[in-house]
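Here the structure comes first, spelled out in structure tokens, and everything after it is commentary.
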Amino acid sequence: MAKQKGMKLIANNKKARHDYFIEETYEAGIALHGTEVKSLRLGQCSIKESFISIDKGEIFIHRMHINPYEKGNIFNKDPLRVKKLLMHKQEIYRLDAKAQIKGYTIVPLRVYFKDSLVKVEIGLAKGKKLYDKRQDIAARDAKRDVDRAIKASRNQY
């Protein structure tokens, strides 16, 4: 099987960017079984409700849903099992120290293939207040209105 070059997005967590300010991002691998990788190749993954925890110097992702592979029968694993993330010890310790600060958490941002490896982009995030979310929505609406006006003015000529 030939290796594919480039990056292919599997799942994106839009809710994380809406609910949190992303301070830093990290890339981590995931320890998976064969049928899980085959299912990911079909794009059957969800990280909307998932979160990341650090326990005894190891980092794990919880509630990441990978649909069972259709032809996997007895080899399929539990779709919601806790999966270990693969990072350097120093990165884990640094991330854990920053996450201990009040208001900070670690969230998965996206899952993707990098060449032939499954990777997760995780972010050190700080929660947004309701007024921050309203400001973001207002800014996005204003930008959309400006883009519409520009597009309408181009079409008149």
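- Taking K126 as the reference, nothing meets the side-chain hydrogen bond (donor to acceptor under 3.5 Å, both in side chains) condition, with sequence neighbours excluded.
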Kindly list each side-chain donor-acceptor pair under 3.5 angstrom involving residues 141-151, sequence neighbours excluded, with atom names and distances?
from: D141; atom 1: OD1; to: R144; atom 2: NH1; distance (Å): 3.1
from: K143; atom 1: NZ; to: D147; atom 2: OD2; distance (Å): 3.2

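- In this structure, S116 OG and K8 NZ are separated by 12.5 Å, a value rounded to the nearest 0.5 Å.
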What verdict does the side chain to side chain contact (heavy atoms under 4.5 Å, CB included) test give for I61 and V82, after you've listed the backbone C-alpha separation in whole Å, the side-chain angles of each residue and the deciding distance to 0.1 Å? CA-CA 6 Å; I61 186 166; V82 177; over 6 Å; no
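- Hydrophobic cluster membership is shared by I101 and L95, with clusters built from Ile, Leu, Val, Met, Phe, Trp and Tyr side chains linked at under 4.5 angstrom.
- No single ILVMFWY cluster, assembled from side-chain heavy atoms under 4.5 Å apart, contains both L109 and L124.
- Among residues two or more places apart in sequence or in another chain, the salt bridge (charged side-chain N to carboxylate O under 4.0 Å, His left out) test is passed with K48 by none.
- Within the 3.5 Å criterion, the main-chain N or O of R81 finds a donor-acceptor partner in the side chain of K83.
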I'd like to know whether F113 forms a side chain to side chain contact (heavy atoms under 4.5 Å, CB included) with L40, so could you lay out the CA-CA distance, the side-chain angles of the two residues, the decisive distance to 0.1 Å, and finally the verdict. CA-CA 9 Å; F113 279 105; L40 286 175; 4.1 Å; yes
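- A distance of 11.0 Å separates NZ in K119 from CG in L85, rounded to the nearest 0.5 Å.
- Heavy-atom minimum distance, I137 versus H18: CD1-CE1, 4.1 Å.
- Using a 4.0 Å cut-off between a side-chain N of Lys or Arg and a carboxylate O of Asp or Glu, K89 and E58 do not qualify as a salt bridge.
- A chain of hydrophobic side-chain contacts below 4.5 Å, direct or via other Ile, Leu, Val, Met, Phe, Trp or Tyr residues, connects I122 to I30.
- Distance alone, capped at 3.5 Å, places no donor-acceptor pair between the S39 side chain and the E36 backbone.
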Only pairs under 3.5 Å count here: list side-chain donor-acceptor contacts from residues 21-29, not counting sequence neighbours, and write none if there are none.
from: E24; atom 1: OE1; to: Y26; atom 2: OH; distance (Å): 2.5
from: E24; atom 1: OE1; to: K98; atom 2: NZ; distance (Å): 3.2
from: E24; atom 1: OE2; to: K98; atom 2: NZ; distance (Å): 2.6
from: E27; atom 1: OE1; to: K114; atom 2: NZ; distance (Å): 3.3
from: E27; atom 1: OE2; to: Y112; atom 2: OH; distance (Å): 2.4

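- For C45 against I66, the heavy-atom pair with the smallest separation is SG-CG1, 4.4 Å.
- Taken from CD1 in I54 to CG in D96, the straight-line distance is 4.0 Å, to the nearest 0.5 Å.
- Under 4.0 Å is where a charged nitrogen must lie from a carboxylate oxygen, and between E121 and R110 at least one such pair does.
- Across all non-hydrogen atoms, the minimal contact from A16 to P108 is CB-O, 4.2 Å.
- Legend: residues meeting salt bridge (charged side-chain N to carboxylate O under 4.0 Å, His left out) with R134, ordered by chain and number and at least two apart, are absent.
- Closest approach of L9 to V111, counting heavy atoms only: CD1-O, 3.7 Å.
- Separating the CD1 atom in I52 from the CE atom in M64 is a distance of 10.0 Å, to the nearest 0.5 Å.
- Side-chain heavy atoms closer than 4.5 Å link hydrophobic residues (I, L, V, M, F, W, Y) into clusters, and following such links, possibly through other members, connects I47 to V37.
- Each of V107 and Y104 belongs to its own hydrophobic cluster when Ile, Leu, Val, Met, Phe, Trp and Tyr are linked at side-chain heavy-atom distances under 4.5 angstrom.
- Pairs of residues two or more places apart, or lying in two chains, that qualify as ring-ring contact (aromatic ring centres under 6.0 Å, His included) and include a residue from residues 41-67 are F51-H62.
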